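Just so we're clear, the structure is a prediction, and the values are computed from it rather than from any experiment. Order of the sequence lines fixes the chain letters, A, B, ..., with proteins taken first and strands second; residue numbering starts at 1 for each chain.
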Protein chains: 2
Amino acid sequence: MPKGQLKGICFHPSKETKCVTCSLSSLCLPISLNFEDIDQLDKIIKRRQPLKKGEHLFHQGDRFDCVYAVRSGSIKNYAMTNDGEEQITNFHLPSELVGLDGIDCETYPVSAKALETTTVCEIPFARLEELAKELPELRSQVLRIMSRELRDDKQMMMLLSKKNAEQRVATFLTNLSTRFKRRGYSPFTFRLPMSRNEIGNYLGLAVETVSRVFTRFQNSDLIAVNGKEVHILNMDDLSALAGLPDQEQKIPQEAKLASEG
Amino acid sequence: MPKGQLKGICFHPSKETKCVTCSLSSLCLPISLNFEDIDQLDKIIKRRQPLKKGEHLFHQGDRFDCVYAVRSGSIKNYAMTNDGEEQITNFHLPSELVGLDGIDCETYPVSAKALETTTVCEIPFARLEELAKELPELRSQVLRIMSRELRDDKQMMMLLSKKNAEQRVATFLTNLSTRFKRRGYSPFTFRLPMSRNEIGNYLGLAVETVSRVFTRFQNSDLIAVNGKEVHILNMDDLSALAGLPDQEQKIPQEAKLASEG
DNA sequence: TGGTAAATCTGATATGCATCAAAAAAACTT
DNA sequence: AAGTTTTTTTGATGCATATCAGATTTACCA
């Protein structure tokens, strides 16, 4: 539960939702801005009514004009493949920015849909660019966030290209765990905001495969699952599975040294 | 053959390699900068000795300090997976920027290696950020370039997640074709700078599969191949294969309309 | 120029996961 | 609370592509 927020009182958004008082500011755009600068940022940010589950933040093809920071809840990005199938390209948790891949387009290249009741901060991009003129820290922060997303995408490409089903699911779970932890939630016990179907779609696996891997992980006491509730019982083994392919258990430094020749 | 460049005369780099006279400037960082601004950009850019095939621009783990624009030749990005296997995450052609995914890191997250004799422009990132302070157009150009890379990455994720071997190779070839075309080369006849092995690695396929698909494409007169030389004989069909999965041939506008409900 | 190594291609076999089918459980609806 | 739909799970089967093995071509180097 996001601390410091009074739920249900949405009529004084300016009071409830300033960046300065936001518990997420240390993970979000305002990092390393001073109070005055945060205040300026605050002025261009609009707080929107919460999205209900299934509602869209924007559709693929909509005119690009804003990026969004997730405040609570979660968002999925997805595109339609040419044969009309949905392809999920990202899940966004609180403090994460949505819509950055539309910057050099007329229109958003993917859709963004709420996985549950979700609140976001709307940041008109033109005004963000203006403000960035004045605030070097804000400028670098935007670059850093995009750079990090690039890195995450490469990781995802490696997952899709080289990892098997178990490694994919293990990676997915440990990754979520890490992100929850940074946001102040338990890294061991959390609720998946997405369906098995969506997990499979994202990981390049059939639903049935995801389900089977969940079952296998439970049988080996790696995790305990109850619907969307996940408990990680053995983080070490799960992380090992996520990182290391097939055989080869940690051959410590040798590999690194050998490759230098 | 890059026009306007005198090969072999590398002793007057300042003369040969100003952004203003560079044939790639309309695709690279200088887009939409005026002459004066380009001149300022020029001052912070260092031209390096050409890299020979196999030489590194930087290694995964090296301290991040510069981004690079490919001037001629080509670069591959790759990371080592935890079991010591190489995973290629990108190929870069002239005018493309290398190293952007290191911005928020101490160190480069991937290695960059020349696929052939390659010249690059070295752009110290700190100085680029300083200059960006003064030049709003440069600022947006960096954002646009990163945003485009984000979009390309999502496309790649979709390829790895949903497309079969033929679609992957077709996508790869048409994508290369497009990029060569934009750079003034023939979109129908070009030389692959990378090996079959590297293509397979990048596309998440075994070498043998890449080879077989090449053969099949030749048998269906989609392409003609001679070693690394590729001729695209039937661009329409190749593009169709790249874009459209399995069955369903182009159901024109209906899909778009139907999905609006 | 010949000789060796590396890359590419082709065929045979194996396998991990998708697909199909259907039951079980959970989530909505009235 | 009962009925309906949706999601999740489990099992049986098939297929695309990996893997293994070997031939062939190309590249490299003394």
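- At a threshold of 4.0 angstrom between heavy atoms, the contacts of B:Gly204 are confined to the sugar-phosphate backbone, with no base atom among them.
- Checked for salt-bridge contact, B:Lys162 and A:Glu85 miss the test: no charged N lies under 4.0 Å from a carboxylate O.
- A straight line from CG of B:Asn164 to C1' of D:dG14 spans 16 Å, rounded to a whole angstrom.
- Annotation: the span from B:Leu27 atom CG to B:Ser95 atom OG amounts to 4.5 Å, rounded to 0.5 Å.
- Taking atom CD on A:Gln218 and atom P on D:dT8, their separation rounds to 13 Å, with Å as the unit.
- Mapped onto DNA chain C by nearest heavy atom, A:Thr209 and B:Glu198 fall at different nucleotides, with B:Glu198 at the one closer to the 5' end.
- The pair B:Lys53-B:Glu116 fails the salt-bridge criterion, with no side-chain N (NZ, NE, NH1 or NH2) lying under 4.0 Å from an Asp/Glu carboxylate O.
- Rounded to a whole Å, the CG atom of A:Asn197 is 12 Å from the P atom of C:dT19.
- Separating the CZ atom of B:Arg212 from the C1' atom of D:dA21 is a distance of 12 Å, rounded to the nearest angstrom.
- Rounded to whole angstrom, the span from the CD atom of A:Glu166 across to the C1' atom of C:dT15 amounts to 14 Å.
- At whole-Å resolution of the value, CD1 in B:Ile199 and P in C:dA7 are 13 Å apart.
- A salt bridge does not link A:Lys154 with A:Glu149: every distance from a Lys NZ or Arg NE/NH1/NH2 to an Asp or Glu carboxylate oxygen is 4.0 Å or more.
- Set against C:dT8, C:dT10, D:dT8, the side chain of A:Arg196 has D:dT8 as its closest nucleotide.
- Using a 4.0 Å heavy-atom criterion, one finds that A:Ala165 contacts the sugar-phosphate atoms exclusively.
- Atoms CG (B:Leu205) and P (C:dC9) sit 14 Å apart, rounded to a whole Å.
- Between B:Lys228 and A:Asn226, the one whose closest nucleotide on DNA chain C sits nearer the 5' end is B:Lys228.
- Rounded to an integer number of Å, the gap from A:Arg216 CZ to D:dT10 P is 11 Å.
- A:Ser195 has no side-chain polar atom (N or O) that falls below the 4.0 Å cut-off from OP1 or OP2 of D:dT6.
- Not a single donor-acceptor pair, N or O on each side, falls under 3.5 Å between the base of C:dC9 and the side chain of B:Glu208.
- Taking 4.0 Å as the cut-off between side-chain N and carboxylate O, A:Glu166 and A:Arg216 count as a salt-bridged pair.
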